[in-house]
There are 2 protein chains.
Amino acid sequence: MRVKQIADALDISVDTVRYYTRIGLLVPNKSHNGYKYYRPADVTRLRFILSARALGFSVNDIKEILVTSSQTNAPCPTVRRLIEKRLKETVQRYQDMHELRERMRLATSEWQNKPDQPPTADTICHLIEGFTALKS
Amino acid sequence: MRVKQIADALDISVDTVRYYTRIGLLVPNKSHNGYKYYRPADVTRLRFILSARALGFSVNDIKEILVTSSQTNAPCPTVRRLIEKRLKETVQRYQDMHELRERMRLATSEWQNKPDQPPTADTICHLIEGFTALKS
DNA sequence: ATAAACCTGTGAGCCGCTCACAGGTCAACA
DNA sequence: TGTTGACCTGTGAGCGGCTCACAGGTTTAT
């Protein structure tokens with residue numbers, strides 16, 4: 001299989017496959033003309049990578065999991081440890097996004113009653129600089 | 001003011017100030033020895049940048065707002081248009097984060113009852129590949 | 001004068017792709 | 001046999017928003 005075939009098979013872009021190949025997550029064979037050929041084992045591997053990405057693992061996490069699984073017997077302890085870490089980060093980012101969303105909504109609603117104004121010497125946009133929720 | 005002074009004054013890192021300077025959001029004077037000197041107007045500007053970032057504007061948005069405010073009279077229409085766009089993105093990312101968080105939580109709870117297992121010919125980590133919520 | 005602490009700008013690196021581009025391959029047709 | 005043209009290839013660079021490493025300049029204390 002060449003890059004387009006494997007990409008189409010798993011419904012991702014060729015660039016993503018090439019990226020994973022470039023960073024060593026996938027290791028296809030090289031033919032005489034420099035084209036990269038992917039075997040069934042690479043399909044399994046890529047499917048695994050996509051599943052792991054969908055669970056919030058970083059590509060470095062995945063590299064670590066793949067190395068562990070090729071060296072020792074069970075990558076599971078590594079997987080359990082890593083998802084714990086990534087879950088914490090995800091919770092944090094989720095909260096951050098929530099706060100940002102509320103801030104943005106508050107701003108837009110507050111701005112409905114405010115007129116446009118030209119900048120002054122010490123104000124660039126009075127909407128942004130005057131937004132109450134940013135006052136510390 | 002040199003970079004450290006302005007950074008300390010607004011409680012951000014020198015690297016962030018330098019980054020904004022590098023991309024042209026801040027335009028300090030250069031002294032004979034190449035050091036960059038920031039004036040009070042730059043402090044106003046930087047404060048504006050930080051407020052806008054806290055409202056979800058990208059640095060490119062901010063560049064556009066600054067250009068608009070220096071050319072025409074009121075940057076407010078631009079600001080209103082841009083926050084609309086960014087808010088939509090933020091809502092989307094918030095939802096994505098929510099789904100990811102739930103997926104991760106489901107996985108960890110499902111994995112509590114599953115043993116560690118070594119990889120097989122077509123399985124790298126049975127926890128990840130066997131996770132039910134990823135089955136399409 | 002000199003030593004140490006601190007500060008400076010520049011260049012590169014980070015993540016996870018995505019895009020631009022020059023050139024290679026291959027089937028259809030003349 | 002030649003040739004057009006569609007499609008495919010790998011490589012290198014670019015994105016955002018910083019952050020880090022580093023060599024060298026400046027300032028302060030002795």
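Values below: every heavy atom of this structure, side chains too, minus hydrogens, waters and symmetry copies. Within every chain, numbering begins at 1; the chains are lettered A, B, ... in the order of the sequence lines, protein sequences first and strands thereafter.
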(request) Evaluate the salt bridge (charged side-chain N to carboxylate O under 4.0 Å, His left out) criterion for residues A/K85 and A/D61: first the C-alpha distance (whole Å), next the side-chain angles of each, then the deciding distance (0.1 Å), finally the verdict. (result) CA-CA 11 Å; A/K85 199 164 91 186; A/D61 292 344; 5.2 Å; no
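A donor-acceptor contact closer than 3.5 angstrom links the side chains of B/T132 and B/E110. Counting only N and O atoms by type, the side chains of A/N60 and A/S58 include no donor and acceptor under 3.5 Å apart.
Other residues, nucleotides and ligands contribute only 12 or fewer heavy atoms inside 6.0 Å of the CG atom of B/D11. The local environment of CG in A/N29 is crowded, with over 12 non-hydrogen atoms from other residues, nucleotides or ligands closer than 6.0 Å. Atom NZ of B/K114 has more than 12 heavy atoms from other residues, nucleotides or ligands within 6.0 Å.
Of the residues in residues 36-64 of chain A, those lying under 4.0 Å from DNA chain C by heavy-atom distance are A/R53, A/S58, A/V59, A/N60. For the contact set between residues 82-94 of chain B and DNA chain C, defined by any heavy atom under 4.0 Å, there are no members.
Between B/T16 and D/dT19, a side-chain N or O to OP1/OP2 separation shorter than 4.0 Å is present.
A salt bridge does not link A/R81 with A/E84: none of the charged nitrogens is closer than 4.0 Å to a carboxylate oxygen.
Nearest-nucleotide mapping onto DNA chain C: of A/S13 and A/H32, the residue sitting toward the 5' end is A/S13. With DNA chain C read from its 5' end, the first of the two nearest nucleotides for B/R22 and B/D8 is the one closest to B/D8.
The shortest non-hydrogen separation linking B/I49 to B/I62 is O-CD1, 3.7 Å.
Whole-Å rounding puts the A/D15 CG to D/dC15 C1' distance at 14 Å.
In terms of modelled atom types and a separation under 3.5 Å, the side chain of A/R45 and the main chain of A/L26 share no donor-acceptor contact.
On the nucleic acid side, DNA chain C has its first and last nucleotide under 4.0 Å of a heavy atom of chain A at C/dC15 to C/dT25, going 5' to 3'.
Within the nucleic acid shown, A/R2 comes within 4.0 Å of sugar-phosphate atoms alone, with no base atom in reach, counting heavy atoms only.
With respect to A/Y94, the side chain to side chain donor-acceptor pair (under 3.5 Å) criterion is satisfied by exactly one of B/E102, B/H98, B/R93: B/H98.
Side-chain contact between A/L106 and A/F131 is present, with heavy atoms from C-beta onward closer than 4.5 Å.
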